[in-house]
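Nothing fancy with the numbering, it's 1 onward along the sequence. For ligands, and for the atoms within them, numbers begin at 1 and follow the listed sequence.
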Amino acid sequence: MKIIALLGNPNSGKTSIFNLLTGANQQVGNWPGVTVERKSGFYKKDKSICIQDLPGLYSLSPYSLDERVARDFLSKTPPDVLINIVDATNLERSLYLTLQLMEFGTPMVLALNMSDLLEVQGKNIDFEKLAYSLGIPVVHTSAIKNKGLDEVVKKALKATSVQTLDYDHRLEGALSEIAKITGFTNRFDQIKAFESDEISLAELSTHQKSEIEEVVSITEKIMADDREAIIVNERYDLIGHIIRLCVTKNDNGKVNLT
Ligand code: BGO
């Protein structure tokens, strides 16, 4: 059985898409040990595909129960593939979560939902450029018009990898050092260790923690910023670059859902 997980910001249309993909084939329970609702179901058109709905999130920093549930799921029981549902009218905010999800290394496709509203806003998103700059398949969808959803699943079933997006070379150097110190192969864990995230550091020895601290302190000095701001700024710089490349405000775009 293939497991596809749906992830996205609150109000991105995740529930609408989950309902359209699974119809009445849904099970509702709780995530283990917490009172966060867990919904899963079988794809209407192929019951060998299980669709797992995750809580709506803005990021994967473990500040809320929802974020912890999602992070635990992705690291302990990774699905075969992620469908990241993005509100196309809020691309900048949505891509922040997208970059974090990509760092997990789980194959992923992006559903550019609410595409029907782009025209109203006079905006176009070139999905081919977006796919090229992220290195993952992108599909325009509209849950309200029931468009593009089967194509997202089709692309998800073919997705086998996700590319690593490079940040500033000084940060990349620090992440490589952290990988050597910790043995972490997952980029998300390396970045979390850079940020001094408690969950990532919990299993490490005192010696490893002090080696990481040295690497991070040096990077903070040469980049003239603190550890969390370095990561946030690098992600937003990349997002800004992607948006400048893909979003236009004329009528030459490639959205066509009719
Ligand atoms: C209300 N296009 C448009 N235009 N709207 C969409 C699309 C789309 O592609 N997809 C979803 N919506 P959720 P989360 C609503 O409920 O699936 C709408 O949080 C309303 N409700 O219909 O719940 C969807 O699970 C009254 O809108 O998202 C829903 O991710 C007035 O986006 C909202 C207007 O979708 C959130 C909208 C009483």
Discussion item. Within a 6.0 Å radius of atom CD on E198, are there more than 12 heavy atoms belonging to other residues, nucleotides or ligands?
Written reply: no
Item to complete: Would you indicate which of N11, L118, L112 comes nearest to atom 19 (O) of ligand 1 when only heavy atoms are counted?
Response: N11
Fill in: Taking atom 28 (O) of ligand 1 as the reference point, the nearest protein heavy atom with its distance
G13 N, 3.1 Å
Discussion item. More than 12 heavy atoms of other residues, nucleotides or ligands under 6.0 Å from NZ of K154: yes or no?
Written reply: no
Worksheet entry | Polar proximity ligand 1 side, T141 side, N/O cut 3.5 Å exclusive | no
Worksheet item: Just to confirm, does any protein heavy atom lie below 4.0 Å from atom 34 (C) of ligand 1?
Response: no
Worksheet entry | Options N19, D53, I144, N146, ranked by nearest heavy atom to atom 22 (O) of ligand 1, top entry | I144
Fill in: Side-chain donor-acceptor contact under 3.5 Å, E103 with N186
no
Discussion item. Nearest non-hydrogen contact with atom 6 (C) of ligand 1 belongs to which option: K147, M114, K145?
Written reply: M114
Worksheet item: Under 3.5 Å between some N or O of ligand 1 and some N or O of S115?
Response: no
Worksheet item: Who's the nearest protein heavy-atom neighbour of atom 9 (O) of ligand 1, and how far?
Response: A143 N, 2.8 Å
Discussion item. Counting only nitrogen or oxygen atoms and a 3.5 angstrom limit, does L117 reach ligand 1?
Written reply: no
Worksheet item: Can you tell me the protein heavy atom closest to atom 10 (N) of ligand 1 and the distance?
Response: N113 ND2, 3.1 Å
Discussion item. Just to be sure I read this right, does ligand 1 sit under 4.0 Å from the backbone of I17, its side chain, both, or neither, counting only heavy atoms?
Written reply: neither
Response to the item:
Here the atoms of ligand 1 under 4.0 Å from any heavy atom belonging to K14 are 14 (P), 17 (O), 25 (O), 28 (O), 30 (O)
Practice prompt. Return the residue, atom name and 0.1 Å-rounded distance of the protein heavy atom closest to atom 25 (O) of ligand 1.
Written response: T15 OG1, 2.4 Å
Discussion item. Does the protein place a non-hydrogen atom closer than 4.0 angstrom to atom 15 (C) of ligand 1?
Written reply: no
Fill in: Main-chain N/O of L20 paired with K44 side-chain donor or acceptor, under 3.5 Å
yes
Worksheet, complete the sentence: D116 heavy atoms within 4.0 Å reach ligand 1 at atoms 2 (N), 3 (C), 4 (N), 8 (C), 9 (O)
Practice prompt. Please say whether more than 12 non-hydrogen atoms of neighbouring residues, nucleotides or ligands are located less than 6.0 Å from CZ in R187.
Written response: yes
Worksheet item: If you measure from the Lys or Arg side-chain nitrogens to the Asp or Glu carboxylate oxygens, is any gap between K14 and D87 under 4.0 Å?
Response: no
Worksheet item: S12 near ligand 1, heavy-atom distance under 4.0 Å?
Response: yes
Worksheet entry | side chain to side chain contact (heavy atoms under 4.5 Å, CB included) between H140 and E151, intermediate numbers included | CA-CA 9 Å; H140 272 295; E151 196 190 338; over 6 Å; no
Worksheet item: Yes or no on side chain to side chain contact (heavy atoms under 4.5 Å, CB included) for V139 and L112, after CA distance, side-chain angles and deciding distance?
Response: CA-CA 6 Å; V139 180; L112 210 43; over 6 Å; no
Worksheet item: Which of the numbered atoms in ligand 1 are below 4.0 angstrom from a heavy atom of S142?
Response: 9 (O)
List the atom pairs, with distances to 0.1 Å, where a side-chain N or O of residues 217-232 and a protein N or O form a donor-acceptor pair under 3.5 Å, not counting sequence neighbours.
| from | atom 1 | to | atom 2 | distance (Å) |
| --- | --- | --- | --- | --- |
| S217 | OG | E213 | O | 2.7 |
| S217 | OG | E213 | OE2 | 3.2 |
| T219 | OG1 | V215 | O | 2.7 |
| E220 | OE1 | R227 | NH2 | 3.2 |
| E220 | OE2 | R227 | N | 2.7 |
| E220 | OE2 | R227 | NE | 3.0 |
| D225 | OD2 | N233 | ND2 | 3.1 |
| D226 | OD1 | E228 | N | 3.2 |
| D226 | OD1 | A229 | N | 3.1 |
| R227 | NH1 | S196 | OG | 2.7 |
| R227 | NH1 | E213 | OE1 | 2.9 |
| R227 | NH2 | E213 | OE2 | 2.9 |

Fill in: Ring geometry between W31 and F73 (parallel below 30°, tilted from 30 to 60°, perpendicular above 60°)
perpendicular
Worksheet item: Going by an N to O cut-off under 4.0 Å, is there a salt bridge joining K180 and E211?
Response: no
Worksheet item: Just checking, any donor-acceptor pair under 3.5 angstrom between side chains of N113 and S12?
Response: no
Practice prompt. Using protein heavy atoms only, decide if any is under 4.0 Å from atom 37 (C) of ligand 1.
Written response: no
Item to complete: Answer yes if the ring centres of Y236 and Y96 are under 6.0 angstrom apart, and no otherwise.
Response: yes
Discussion item. Looking only at protein heavy atoms, which one is nearest to atom 17 (O) of ligand 1, and what is the separation?
Written reply: S16 OG, 2.5 Å
Worksheet entry | For N9, atoms of ligand 1 separated by under 4.0 Å from a heavy atom | 30 (O)
Practice prompt. Could you say whether the N/O atoms of P10 and ligand 1 ever approach to under 3.5 Å?
Written response: no
Worksheet item: Is any heavy atom of the protein nearer than 4.0 Å to atom 1 (C) of ligand 1?
Response: no
